[in-house]
K.L.:
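One structure coming up, written as C-alpha cells, with questions to follow.
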Amino acid sequence: MNLASLDLNLVTALRALLEERNVTRAGLRVGLSQPAMSAALARLRRHFDDDLLSRVGSRYELTALGQVLLDRSATACDVLERVFTSQADFDPALEAHTFTLVASDYAVAVFGAELARTVHAEAPGIRLRFRQPPADVTENTGTLLSTVDGVLLPHGVIRGFPSVDLYRDRWVVLVSADHPDVGERLTLDDLRRLPWVTYQRTYDAPAVRQLGMLGIEARTEVSVDGFLALPSLVAGTRRVALIQERLADRLRGVAPVRVMECPYEAVPVQEALWWHPAHTHDAAHIWLRETAQRVAATAFPAAARPRPRPE
C-alpha cells in the first residue's frame with residue numbers, strides 16, 4: 001500500500017464512524033457535514049470493499065472487518081497524533097503536555113506517586129495519566145507502546161524494547177496478624193498447605209510462578225486484579241500472599257497483617273520504564289525519562305542505579 005496515495009483524513013473519519021456508528025454524530029465529532037461524512041463512508045467502503053457499517057433495524061452495527069478496524073483505527077490516530085506533536089525542544093516549566101503511562105497499582109503507589117509529586121513541583125502544565133496494563137500486554141506490546149508514553153513493568157514480562165531501570169524491590173509474605181498456624185518464621189511447608197491470595201494477571205503472577213519453580217502448587221483461594229487489596233484479603237484469615245516490600249511498607253496500618261520473610265530466595269523485582277523506539281529522540285519523552293531516573297535515584301538511593309537498555 002502506497003501511503004502517499006491515501007487521504008489520511010480518512011483515518012479520523014474511519015475511527016469516528018466505527019466508534020459512533022452513526023454518520024451524523026461522526027460528522028459532528030470531526031467537524032464534517034452529514035453529506036461530507038457520507039461521502040467519506042462511501043470512499044472507505046470502496047477502499048475496503050466492505051460495508052463496515054450494516055443497518056440492522058433502526059441502528060448500524062459493525063461488520064466483521066469493521067470490528068477489526070475499530071481498535072486499529074484508534075491506534076493509528078494515536079500514533080499519527082504523536083508523530084505530528086513531536087517537538088525538537090521541550091521546556092517543562094512552560095509546556096502544557098499529558099504523559100500517559102501504563103502501570104499496575106503497585107507501580108503507581110510506589111513510584112508513580114513520587115513522580116507525580118516531582119512533576120507537580122517542577123512542571124505545573126504537565127499532566128500524568130496512569131492506566132492499568134491490559135491483559136494482552138505481552139502479545140501486543142508494540143501496539144501498546146506506540147500509543148502511550150511508557151510502561152512501568154519489571155524485567156521478565158516484556159522484552160525487545162528500550163528501557164531504563166528505576167529501582168529494585170523484593171518479595172515478602174503477608175499473613176494475618178493473628179494467624180493461628182504461623183509462628184515467627186514461615187516454612188515452605190506453610191506455603192504448601194495454606195490457602196493463597198494471588199495476583200491474577202497471567203503474565204505477572206509471581207506467587208504462582210515462583211512457587212511452581214519450587215515444586216509447590218499454590219492453593220489459590222482468592223485472586224485479585226491488583227496488589228493494593230492484598231492486606232485486606234489476608235487479614236482475619238488463614239491465607240497468605242506475596243507482596244512487594246516497598247508496597248507493604250506503604251500499606252502498614254491498612255489491615256492487621258504481619259510482613260514476613262520468604263522462606264526461599266525469591267527473585268527480586270527490577271522495575272523499569274519501557275517505551276517504543278519512536279519516542280527515543282523526542283524532546284518531551286527525553287525529559288520524562290530523565291525525570292523518572294532522577295526521581296528513582298532520589299526516592300530509592302540505595303537501590304536505584306538507572307541505566308538505559310537500548311534494544
Side-chain angles (χ1 to χ4, degrees), residues 1-88 90 95-103 108 125-151 158 161 225 274-279 282-285 288:
M1 175 61 65
N2 182 5
L3 288 178
S5 66
L6 292 178
D7 179 358
L8 293 183
N9 288 319
L10 288 175
V11 178
T12 57
L14 175 63
R15 179 183 186 180
L17 284 163
L18 296 179
E19 291 183 351
E20 298 293 342
R21 305 184 190 190
N22 180 282
V23 173
T24 300
R25 289 200 303 270
L28 291 173
R29 175 167 159 178
V30 300
L32 292 178
S33 64
Q34 183 174 0
M37 184 55 79
S38 295
L41 176 58
R43 292 178 63 188
L44 288 165
R45 283 171 166 168
R46 288 195 298 271
H47 174 82
F48 289 107
D49 191 23
D50 188 270
D51 284 343
L52 303 178
L53 295 168
S54 296
R55 184 178 288 278
V56 178
S58 60
R59 68 182 190 281
Y60 282 101
E61 291 187 357
L62 300 183
T63 64
L65 179 58
Q67 194 66 52
V68 170
L69 293 173
L70 179 63
D71 290 335
R72 292 184 180 180
S73 62
T75 298
C77 286
D78 289 340
V79 171
L80 285 171
E81 182 177 353
R82 290 179 180 277
V83 168
F84 288 102
T85 56
S86 297
Q87 300 170 247
F90 185 80
E95 298 284 352
H97 193 93
T98 299
F99 290 105
T100 300
L101 297 172
V102 173
V108 175
I126 305 301
R127 296 175 298 279
L128 297 176
R129 178 185 298 128
F130 292 103
R131 286 170 39 190
Q132 278 278 350
D136 63 348
V137 64
T138 56
E139 288 81 21
N140 296 298
T141 307
T143 299
L144 174 64
L145 288 174
S146 69
T147 59
V148 299
D149 293 289
V151 174
I158 60 177
F161 292 91
D225 193 18
W274 305 80
W275 68 90
H276 195 282
H279 302 324
D282 179 70
H285 203 277
L288 174 67

K.L.:
Does any part of the side chain of Leu62, heavy atoms only, come nearer than 4.5 Å to the side chain of Leu70, both counted from C-beta?
P.N.:
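Yes, close enough: below the 4.5 Å cut-off.
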K.L.:
Less than 3.5 Å apart, any donor N or O on the side chain of Arg15 or Ser73 sitting next to an acceptor on the other?
P.N.:
no
K.L.:
Indicate yes or no: at least one non-hydrogen side-chain atom of Leu144 is less than 4.5 angstrom from one of Pro134.
P.N.:
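Leu144 reaches Pro134 side chain to side chain.
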K.L.:
Does this structure show an ion pair linking Arg21 with Glu19, if we count only N-O contacts that are shorter than 4.0 Å?
P.N.:
no
K.L.:
Can you give me the closest heavy-atom contact between Ala13 and Ala40, atom names plus distance?
P.N.:
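Ala13 and Ala40 have their closest heavy atoms at CB-CB, 4.2 Å.
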K.L.:
Does either side chain, that of Thr100 or that of Arg129, offer a donor lying less than 3.5 Å from an acceptor on the other one?
P.N.:
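There is such a pair between these side chains.
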K.L.:
Nearest 0.5 Å, please: how far is CG in Leu288 from NE2 in His97?
P.N.:
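That separation rounds to 8.0 Å.
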K.L.:
Any side-chain to backbone donor/acceptor pair from His279 onto Ser146? Under 3.5 Å, distance only.
P.N.:
no
K.L.:
Is the number of heavy atoms from other residues, nucleotides or ligands under 6.0 Å of Arg127 CZ greater than 12?
P.N.:
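Enclosed.
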K.L.:
Once rounded to the nearest 0.5 Å, what's the spacing between atom CG of Leu145 and atom CZ of Phe161?
P.N.:
5.5 Å
K.L.:
For Arg43, does the CZ atom have more than 12 heavy-atom neighbours from other residues, nucleotides or ligands under 6.0 Å away?
P.N.:
no
K.L.:
Would you check if Leu14 and Phe48 make a side-chain contact, meaning some heavy-atom pair closer than 4.5 Å?
P.N.:
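The answer is yes, as the side chains (C-beta and beyond) meet within the 4.5 Å cut-off.
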K.L.:
Using only atom types and a distance under 3.5 Å, with no angle test, would you say the side chain of Arg25 pairs donor to acceptor with the backbone of Glu20?
P.N.:
yes
K.L.:
Where is the tightest heavy-atom contact between Ser54 and Thr63, given as atom of each residue plus distance?
P.N.:
OG-CG2, 3.3 Å
K.L.:
Compare all side-chain heavy atoms of His47 with those of Arg45 and state whether any distance is below 4.5 angstrom.
P.N.:
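Sidechains of Arg45 and His47: no contact.
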K.L.:
So how far is it from Met37 CE to Leu32 CG, rounded to the nearest 0.5 Å?
P.N.:
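It is 4.5 Å, given to the nearest 0.5 Å.
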K.L.:
Does Asp50 reach the main-chain N or O of Leu65 with its side chain, forming a donor-acceptor pair under 3.5 Å?
P.N.:
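Pair absent, no side-chain N/O of Asp50 close to backbone of Leu65.
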K.L.:
Show the numbers, then the answer: is there a side-chain contact (heavy atoms from CB on, under 4.5 Å) between Gln132 and Val108?
P.N.:
CA-CA 10 Å; Gln132 278 278 350; Val108 175; over 6 Å; no
K.L.:
For Val30 and Ala16, work out which heavy atoms get closest and say how close.
P.N.:
CG1-CB, 3.8 Å
K.L.:
Atom CZ of Arg72 and atom OG1 of Thr143: how far apart are they, to the nearest 0.5 Å?
P.N.:
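The CZ atom of Arg72 sits 8.5 Å away from the OG1 atom of Thr143.
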K.L.:
In Å and rounded to the nearest 0.5 Å, what is the CG to CG distance from Leu17 to Leu52?
P.N.:
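The CG atom of Leu52 is 8.5 Å from CG of Leu17, to the nearest 0.5 Å.
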K.L.:
Rounded to the nearest 0.5 Å, what separates atom CG in Leu18 from atom CG in Leu44?
P.N.:
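If we round to the nearest 0.5 Å, Leu18:CG and Leu44:CG are 8.0 Å apart.
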K.L.:
Are His285 and Phe90 close enough that their ring centres sit under 6.0 Å apart?
P.N.:
no
K.L.:
Walk me through whether Trp274 and Ile158 qualify under side-chain contact (heavy atoms from CB on, under 4.5 Å).
P.N.:
CA-CA 9 Å; Trp274 305 80; Ile158 60 177; 3.6 Å; yes
